[in-house]
Structure formats: C-alpha cells, structure tokens
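Report on the structure given below.
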Amino acid sequence: MSWRHIMITNNARLSVKRSQLVVQQEDTITIPMQDIASILIEAQAVTITANVLSACAEHKVSLFTCDSRKLPNGIWTGFHQHSRQLTVLEMQMALTKPFKKRVWKQIIQQKILNQAKCLDVMEKDGGKELSLLIKEVESGDATNREAVAAKLYFKHLFDSSFTRRSTDPTNRLLNYGYAIMRGLVARALANYGFTTCLGLYHDNQLNAFNLADDFMEVLRPIVDCHVAGQDVEKWDAEVRAGLVNLANTDILISGERHPITAAIDEMVKSFVASCRQQDYSYQKLPELLPAKVHQYE
C-alpha cells in the first residue's frame with residue numbers, strides 16, 4: 001500500500017522517469033510512484049508534466065493544489081479506473097433511504113465518540129456530556145445531535161467565543177487539515193469505484209465530493225485534536241507539514257492500529273461490504289487515539 005505524502009513548498013519541476021517521481025529543485029530527488037499516496041503542491045511556480053498526472057491516475061495518487069494563502073483549494077483524483085465501475089454505480093444507486101440513514105447514524109455516533117475522546121486526550125471538560133449524546137442519535141440523526149455535540153465540543157476544546165464561521169486563525173488550520181482528510185477519503189472512494197457526488201447525507205448539487213464529506217466526519221476530531229495543541233498564530237511550512245503528516249498518525253479500526261491512510265482504506269472497504277449485503281453492521285469506522293506517528297517497518 002502507498003504511504004508517502006509529498007509536500008512541495010518550493011518552486012520545482014515535477015516529472016516521471018522509470019516509474020519514479022522526479023522533483024527538480026536545487027537538488028534533484030526521486031521517489032517511487034508506487035510509494036506515494038498524495039502530493040500537495042504549495043509553491044505557485046511548480047511545473048508539472050502531463051506524464052506526472054497520468055502516473056498519478058495510474059498509481060491512484062491524490063494531488064492537492066493550494067491558493068496564494070497556502071490553503072488547499074483543489075483535489076485531483078483519478079476516476080473511472082475501477083474494473084467494475086458500472087456495477088459499483090448501480091450498487092450506489094440502489095441504496096435504500098433507510099440503509100443510508102442507518103449508516104449516517106453510525107457515522108455521527110462515531111464522530112461524537114471521537115470528539116469526546118479528543119476532549120479527554122486534551123484534558124478538557126465535556127467528554128462525559130458528549131458520550132451521553134451518542135445514545136440519543138437516531139436513524140438519519142433526525143434530531144440533529146451532531147449540531148448539539150459540535151456546539152458543546154468546540155466550546156470546551158477552544159473557548160466559548162469560537163465559531164467555525166469566523167476568520168479566527170484556528171479555522172485556517174482546521175480548514176487545511178480537513179481538506180487533507182477529505183482528499184484522502186475521496187481518493188479511497190475513487191479507488192473502490194464509488195462515484196463521490198452520490199452521498200449518504202450530503203447532497204449538495206454543486207459538490208462533487210458529497211460521499212467523501214460523509215465519511216470524513218469521523219476524521220475531523222483528529223485534526224481538531226492536533227490544532228488544539230498548536231500555536232494557531234504560526235503559519236509556516238513546519239506547521240502545515242504537521243497537518244499533512246496527520247495522514248501517518250495511528251488510529252484504531254476494528255481493534256487494530258493503522259496509519260490514517262490505511263484506516264480510511266479499511267473504512268471504505270467495509271462500506272463496499274455493507275452496500276453489497278445491504279447491512280450497515282458491516283461498516284467499520286476509525287476511533288481516535290492519542291496522537292502518535294505510525295512507524296513503518
């Protein structure tokens with residue numbers, strides 16, 4: 001499985017030679033394409049050959065672009081490479097409303113559990129209150145426990161004046177980390193042949209990644225937990241690299257530790273099983289652990 005997340009912070013020329021990504025800067029380095037999970041391009045004067053884009057599609061690499069503020073603003077993911085694309089599309093189209101509501105209930109319950117764990121890890125109050133809300137989540141989250149939990153969670157994690165709609169520098173870091181998680185989920189869904197605009201709960205007509213937005217909900221607390229421990233006024237390459245490197249942080253899924261990239265793959269794989277069986281009990285979702293970067297052998 002690919003595991004490297006490449007971040008290009010200085011101007012460079014990217015090409016491919018003998019299945020290796022070639023990064024030409026002051027020094028030239030090469031990286032096996034098969035090892036790469038994602039490439040994030042921050043620098044504004046990076047040139048990239050069509051051969052690199054083709055190799056990214058072939059090796060299922062997600063490519064992020066950033067705006068002038070260094071915030072991710074685009075995700076390039078190869079599509080329609082699954083051998084049974086039509087079969088998966090027909091499977092998605094056949095999902096019943098009750099099935100989608102039940103999977104969404106699981107996602108929200110796991111999200112609130114991960115938020116509670118985040119507060120506990122950061123030694124903040126509110127974890128027990130959030131845990132009580134988990135049992136109140138209904139099919140489809142009809143009573144919107146997600147919003148109730150979010151209000152309580154952010155108040156304890158940051159402060160009572162914090163809001164996701166403000167221009168607070170905290171939101172800059174959160175948005176960066178969320179964009180990385182969203183791209184990784186979209187990549188995994190595309191790899192398994194899913195059409196990402198067909199969501200379970202999210203259904204924005206202008207959003208090509210509704211399904212990715214559904215499943216990334218359980219991963220948001222990982223970003224929150226990391227950002228809560230940062231000096232949010234700092235916005236240098238080291239801070240941004242820390243957010244990208246969250247993809248290598250360990251998380252628990254089915255009782256086993258995996259780096260987030262691999263856990264996302266497990267989550268999507270279990271969604272395939274759930275859809276095929278029309279049984280939401282097959283669905284696996286990742287559980288937050290205290291931050292620790294995965295050590296590859």
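Residue numbers start at 1 and run along the sequence shown.
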message: Can a donor-acceptor pair be found, under 3.5 Å and without considering hydrogens, that links the side chain of Q115 to the backbone of Y153?
response: no
- prompt: Would N171 and Y176 count as having a side-chain donor-acceptor pair, cut-off 3.5 Å?
  reply: no
message: With a sphere of 6.0 Å drawn around CZ of R276, does it hold more than 12 non-hydrogen atoms of other residues, nucleotides or ligands?
response: no
- prompt: Just by modelled atom types, is the Q24 backbone N or O under 3.5 Å from a matching donor or acceptor in the T28 side chain?
  reply: no
task: Could you verify whether a donor N or O on one side chain and an acceptor N or O on the other, from N248 and T261, lie under 3.5 Å apart?
output: no
query: When rounded to the nearest 0.5 angstrom, what distance separates CD in Q92 from NZ in K100?
result: 9.0 Å
field: Polar contact flag, side-chain donor to acceptor under 3.5 angstrom, D214-H202
entry: yes
- prompt: So L113 and Q109, side-chain contact (heavy atoms from CB on, under 4.5 Å) or not? Walk me through it.
  reply: CA-CA 6 Å; L113 176 62; Q109 287 180 317; over 6 Å; no
message: Atom NZ of residue position K70 - does it have more than 12 heavy atoms of other residues, nucleotides or ligands inside 6.0 Å?
response: yes
- prompt: For the side chain of Q283 and the backbone of M267, is there at least one donor-acceptor N/O pair under 3.5 Å apart?
  reply: yes
field: Side-chain donor-acceptor contact under 3.5 Å, S2 with R187
entry: yes
message: With ring-ring contact (aromatic ring centres under 6.0 Å, His included) as the test, pick out the partner of W104 among Y280, F99, Y201.
response: Y201
Short side-chain donor-acceptor distance under 3.5 Å, D168 and T170: yes
task: Could you grab the distance from atom CD of Q20 to atom CD of Q34, nearest 0.5 Å is fine?
output: 8.5 Å
- request: Return each pair, listed once, that meets salt bridge (charged side-chain N to carboxylate O under 4.0 Å, His left out) where at least one residue sits in residues 31-44; pairs must be two or more places apart or across chains.
  value: E42-R240
message: Under a 3.5 Å distance rule, please check whether N114 uses its side chain to pair with a backbone N or O of V218 as donor and acceptor.
response: yes
- prompt: At what distance, to the nearest 0.5 angstrom, does CG of L211 lie from CG of L198?
  reply: 8.0 Å
- prompt: Linking I/L/V/M/F/W/Y whenever their side-chain heavy atoms sit closer than 4.5 Å, directly or via other members, would L63 and V23 fall into one cluster?
  reply: yes
- prompt: Is the side chain of N210 donor-acceptor paired with the backbone N or O of C197 at a distance under 3.5 Å, no angle test?
  reply: yes
message: Within the supplied structure, the quantity of interest is the number of heavy atoms (other residues, nucleotides, ligands) at a distance under 6.0 Å from Y282 OH; does it exceed 12?
response: no
field: Backbone N/O of R69 and side chain of W235: donor-acceptor pair under 3.5 Å
entry: yes
message: Are there over 12 heavy-atom neighbours, none belonging to D125, within less than 6.0 Å of that residue's CG?
response: no
- prompt: Do Y178 and F162 belong together in a cluster built from hydrophobic side chains that touch within less than 4.5 Å?
  reply: yes
task: Verify whether one side chain among T143 and E138 offers a donor that lies under 3.5 Å from an acceptor in the other.
output: no
E233 side chain vs P169 backbone, donor-acceptor pair below 3.5 Å: no
field: Side chain R4, main chain S38, donor-acceptor under 3.5 Å
entry: no
task: Could you tell me whether the side chain of D141 and the main chain of E146 form a donor-acceptor pair under 3.5 Å?
output: yes
